[in-house]
Amino acid sequence: MEAMAFVTEDRKAAQESTFPNTYTFDLFGGVDLLVEILMRPTLITQKKKQKISDDLIKDCLSILYNTCICTEGVTRRLAERNDFVLFLFTLMTNKKTFLQTATLIEDILGVKKEMIQLDDIPNLASLVSSFDQQQLANFCRILAVTISELDTGSDDKHTLLAKNAQQKKNLGPSRAEINQATLLNIPGFIERLCKLATRKVSETTGTSSFLQELEEWYTWLDNALVLDALMRVANEEAEQSSTESSDESGLANTSTRTQLPQSMKIMHEIMYKLEVLYVLCVLLMGRQRNQVHKMIAEFKLIPGLNNLFDKLIWRKHSASALVLHGHNQNCDCSPDITLKIQFLRLLQSFSDHHENKYLLLNSQELNELSAISHKANIPEVDAVVNTDRSLVCDGKRGLLTRLLQVMKKEPAESSFRFWQARAVESFLRGTTSYADQMFLLKRGLLEHILYCIVDSECKSRDVLQSYFDLLGELMKFNIDAFKRFNKYINTDEKFQVFLNQINSSLVDSNMLVRCITLSLDRFENQSDAKVAEVLSECRLLSYMSQMSMRMSFLFRLINIIHVQTLTQENVSCLNTSLVILMLARRKEKLPFYLRTLQQMEYTEKYPGFILNNFHSLLRFWQQHYLNKDKDSTCLENSSCISFTYWKETVSILLSPDRTSPCAIVSYIDEAYMDIDRDFSEE
């Protein structure tokens with residue numbers, strides 16, 4: 001009763017009230033006694049093992065679970081007993097106690113300080129192979145905790161300085177990475193996850209097993225044990241009808257039982273797919289990424305999800321859609337919404353810098369990509385030619401095109417816009433492909449993004465950033481895109497709104513600034529009539545070709561970041577400022593740019609403040625990028641400037657020689673020099 005009160009009452013009130021029964025039960029050793037009862041058979045060495053009845057195990061687990069949720073500290077104490085945690089996994093082999101065990105394990109792992117190692121679970125592979133599909137989906141909830149890197153918490157921990165310091169300490173793979181490898185080694189594991197993720201609602205098992213799981217499912221929906229009673233009734237009914245199937249009442253029973261509302265079935269399936277997609281997504285982002293990619297492609301996850309897109313993933317909300325207790329169906333934690341976000345995250349990690357991204361298209365769309373390349377007289381992208389046509393999407397549209405359709409219909413304030421833009425942008429990332437860009441431009445993506453940025457004057461920082469990033473990838477080096485841009489932004493007022501959006505936060509828009517700078521540089525070096533025409537007409541290119549504008553961007557980009565505040569999010573500002581200076585160096589204008597920065601400092605009456613900061617930032621850049629291999633290829637691919645040129649430019653800028661016209665120190669007066677400090681990693 002206390003647990004029920006805890007779950008049904010308003011959480012806040014519940015935390016303030018005390019639960020004397022659970023507290024007393026624990027105080028006098030009840031919890032330890034239950035653990036001992038459960039584990040006793042494993043401690044006896046006699047040949048004849050004692051067996052505990054399923055009902056007793058169930059009751060022990062229920063009381064433990066109820067005590068955990070009502071009395072603080074119990075879950076933590078259980079989590080510290082490694083032997084007990086591993087023992088609980090062995091109880092999962094029993095179908096009758098599976099749900100109670102899974103619920104308790106999930107609670108315990110949620111508070112455990114040290115992540116468990118899946119390797120330590122006795123007979124893990126045979127345990128997993130003994131699960132049916134429903135159980136496997138539930139098990140994914142537990143796996144999620146064991147394969148995700150523990151978040152380090154507060155923001156300052158996420159500064160690159162702190163991250164680099166952490167990496168120096170952790171030389172080997174983390175526990176989460178070891179657990180990911182363990183899962184991949186379980187025969188058939190990924191294949192079963194792909195089947196679960198792509199099965200249709202109609203393929204799910206019969207009603208009775210569905211009823212048995214309502215209890216577990218409602219636990220997730222925040223209404224935990226209220227349905228315990230209902231479940232028992234349902235189970236008894238199911239047992240009765242199977243024993244008295246000849247009896248009329250049995251038949252009547254069966255018919256009412258099979259008429260479970262469709263919306264409940266759908267919801268149930270959504271809860272499962274959520275967990276499965278989360279696990280696949282984490283594995284796709286891990287160290288074994290290529291192996292996971294190969295398996296996911298082979299087991300046709302993408303075409304399978306494509307077939308579920310309209311009916312399940314992006315289905316229209318029905319009024320009866322079940323939602324979390326105390327929430328409405330549009331709030332961010334309803335299962336429907338979480339599934340959409342999880343699905344978009346999966347697409348993002350699937351297509352990011354990987355040639356399998358072309359599996360998001362169908363055969364006609366792949367042919368269209370080839371046709372675009374032929375028409376433009378450029379070689380086809382190898383990855384398109386090498387895509388295995390038997391693994392691509394089927395049906396009228398591929399997954400990418402479906403995503404574009406829903407993206408255009410999304411209401412202005414929708415939280416999905418950010419994830420949709422991220423998923424499409426990751427398809428374009430990597431080495432710029434003209435055909436990929438044209439494929440999306442033909443479908444009106446550029447106009448849609450500009451409508452959101454300019455006409456609906458989007459205010460959300462996250463959404464704006466994802467749109468700027470996507471716009472940058474869509475337009476980079478593509479003269480047709482700049483032409484379309486100019487056609488849409490056809491008045492000075494519109495252009496001013498666009499500039500205001502860019503200038504409102506350079507951290508969010510700097511990737512677009514980088515794309516325009518790089519594109520302008522390439523166009524200026526081409527002797528093509530069409531390019532020359534766009535160059536003279538395009539407001540955006542004319543704006544960026546003004547030296548004063550480039551200098552203004554450069555000055556602000558360096559000014560908004562400092563070594564101590566660099567994160568994965570804003571380090572791109574440093575790289576964008578470097579791109580501007582590398583292009584200047586190519587034109588032998590580097591000294592001019594540095595001198596202008598110096599003059600701007602004097603105008604601001606604060607000599608040295610920009611150049612000292614830039615000097616520190618570049619020293620950090622060397623530490624950060626000369627250690628890793630992944631980041632450097634990203635820098636090369638996205639800028640089409642060789643990494644060697646990046647490194648050389650940084651070295652020249654950091655030269656200690658005060659007579660060098662390209663060294664930063666030559667432009668800082670002795671009195672204002674402040675460049676020798678070491679960064680503290682605290």
Side-chain angles (χ1 to χ4, degrees), residues 155-156 159-165 503-507 509-510 513-514 517 544 546-567 569-627 635 645-682:
D155 263 356
D156 56 340
T159 65
L160 294 178
L161 271 181
K163 278 187 173 170
N164 290 352
N503 287 319
S504 65
S505 173
L506 268 184
V507 171
S509 61
N510 85 83
V513 172
R514 191 190 305 184
T517 315
M544 199 53 102
Q546 299 168 45
M547 181 68 187
S548 58
M549 290 308 153
R550 288 207 295 273
M551 285 311 307
S552 158
F553 277 125
L554 181 61
F555 188 84
R556 284 179 297 154
L557 284 166
I558 299 171
N559 199 17
I560 50 182
I561 46 175
H562 304 280
V563 172
Q564 273 66 27
T565 57
L566 278 181
T567 60
E569 179 98 341
N570 63 20
V571 72
S572 55
C573 293
L574 175 55
N575 290 322
T576 299
S577 60
L578 260 174
V579 165
I580 295 175
L581 289 171
M582 284 190 290
L583 299 179
R585 182 184 154 212
R586 272 189 189 167
K587 294 183 172 162
E588 300 185 347
K589 290 211 180 130
L590 195 51
F592 175 73
Y593 274 66
L594 292 171
R595 197 173 317 111
T596 312
L597 281 176
Q598 185 186 27
Q599 287 159 1
M600 290 168 92
E601 287 179 335
Y602 275 91
T603 317
E604 297 274 339
K605 309 241 181 323
Y606 197 165
F609 84 114
I610 286 287
L611 291 171
N612 277 314
N613 183 39
F614 193 42
H615 196 280
S616 303
L617 286 165
L618 291 180
R619 279 170 43 233
F620 174 80
W621 189 93
Q622 283 183 324
Q623 265 189 25
H624 184 68
Y625 284 104
L626 303 185
N627 277 340
L635 289 178
Y645 199 77
W646 285 79
K647 286 191 292 194
E648 279 172 13
T649 309
V650 174
S651 296
I652 290 169
L653 286 164
L654 287 179
S655 160
D657 177 5
R658 289 185 67 88
T659 59
S660 159
C662 294
I664 294 174
V665 288
S666 309
Y667 299 87
I668 310 175
D669 296 343
E670 286 275 8
Y672 304 115
M673 189 81 84
D674 182 18
I675 60 168
D676 293 323
R677 284 181 313 171
D678 234 357
F679 330 122
S680 69
E681 281 165 355
E682 270 63 71

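Bear in mind that the values here come from a model prediction, so they are computed numbers and not experimental data.
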For this session: Measure the CZ-OH distance between Phe620 and Tyr625 for me, rounded to the nearest 0.5 Å.
Result: 8.0 Å
For this session: Using modelled atom types only, decide if a donor and an acceptor are shared between the side chain of Asn613 and the backbone of His562 within a distance under 3.5 Å.
Result: no
Exercise. Under 3.5 Å, is there a donor-acceptor pair between the side chain of Thr159 and the main chain of Thr567?
Worked result: no
Exercise. Taking the side chain as C-beta and beyond, is there a heavy-atom pair between Phe553 and Asn510 under 4.5 Å?
Worked result: no
Problem set entry | Side chain Ser552, main chain Ser548, donor-acceptor under 3.5 Å | no
Problem set entry | From CD1 (Ile610) to CD1 (Ile664), nearest 0.5 Å | 11.0 Å
For this session: Determine whether Phe555 and Thr596 make a side-chain contact, defined as any pair of heavy atoms from C-beta on separated by less than 4.5 Å.
Result: no
Exercise. Could Arg586 and Tyr645 be counted as a cation-pi pair, given that NZ or CZ must be under 6.0 Å from the ring centre and within 45° of the axis?
Worked result: yes
For this session: Decide yes or no for Ser651 and Gln622: does some side-chain heavy atom of the first lie under 4.5 Å from some side-chain heavy atom of the second?
Result: yes
For this session: Give a yes or no on this: more than 12 heavy atoms of other residues, nucleotides or ligands lie within 6.0 Å of atom CD of Glu588.
Result: no
Exercise. Counting N and O atoms only, with roles assigned by atom type, does the side chain of Arg585 sit under 3.5 Å from a partner on the main chain of Ile652, one being a donor and the other an acceptor?
Worked result: no
For this session: To the nearest 0.5 Å, tell me how far Leu654 CG sits from Trp621 CH2.
Result: 10.0 Å
For this session: Considering non-hydrogen atoms only, spot the tightest contact between Ile558 and Ser577 and give its length.
Result: CG1-CB, 4.1 Å
Exercise. Mind checking whether Tyr667 and Glu601 have side chains closer than 4.5 Å, heavy atoms only?
Worked result: no
Problem set entry | Heavy-atom check, side chain of Cys573 versus side chain of Ile560, under 4.5 Å | yes
Seminar exercise, completed: When every non-hydrogen atom of Gly608 is compared with those of Tyr672, the smallest separation belongs to CA-CB, 4.4 Å
Exercise. Is the backbone N or O of Val507 less than 3.5 Å from a side-chain atom of Asn570, with the two atoms forming a donor-acceptor pair by type?
Worked result: no
Exercise. If only atom types and distance count, is the side chain of Thr603 paired as donor or acceptor with the main-chain N or O of Gln599 below 3.5 Å?
Worked result: yes
Exercise. Considering only heavy atoms from C-beta outward, does the side chain of Asp674 approach that of His615 to under 4.5 Å?
Worked result: no
Exercise. Backbone N or O of Cys662 within a donor-acceptor pair of the Ser666 side chain at under 3.5 Å?
Worked result: no
Exercise. What do the steps show when you test Asp669 against Gln598 for side chain to side chain contact (heavy atoms under 4.5 Å, CB included), and what is the final call?
Worked result: CA-CA 10 Å; Asp669 296 343; Gln598 185 186 27; 4.1 Å; yes
Exercise. In Å, rounded to the nearest 0.5 Å, how long is the span from CG of Leu583 to CG of Leu578?
Worked result: 10.5 Å
Exercise. Out of curiosity, Asn164 CG to Gln623 CD, how far, rounded to the nearest 0.5 Å?
Worked result: 7.0 Å
Exercise. Any chance NZ of Lys589 has more than 12 other-residue heavy atoms, nucleotides or ligands included, within less than 6.0 Å?
Worked result: no
Exercise. Within a reach of under 6.0 Å around OH of Tyr602, are more than 12 heavy atoms found that belong to other residues, nucleotides or ligands?
Worked result: yes
For this session: Check whether any side-chain heavy atom of Asn503 sits under 4.5 Å from a side-chain heavy atom of Arg556, and report yes or no.
Result: yes
Exercise. Any side-chain heavy-atom pair from Leu566 and Leu161 closer than 4.5 angstrom?
Worked result: no
Seminar exercise, completed: Heavy-atom nearest pair, Ile668 first then Arg658, reads O-NH2, 2.9 Å
For this session: Look at the side chain of Asp657 and the backbone N and O of Ala663, then say whether any donor-acceptor pair between them is shorter than 3.5 Å.
Result: no
Seminar exercise, completed: CE (Met582) and CG (Leu653) are apart, to the nearest 0.5 Å, by 10.0 Å
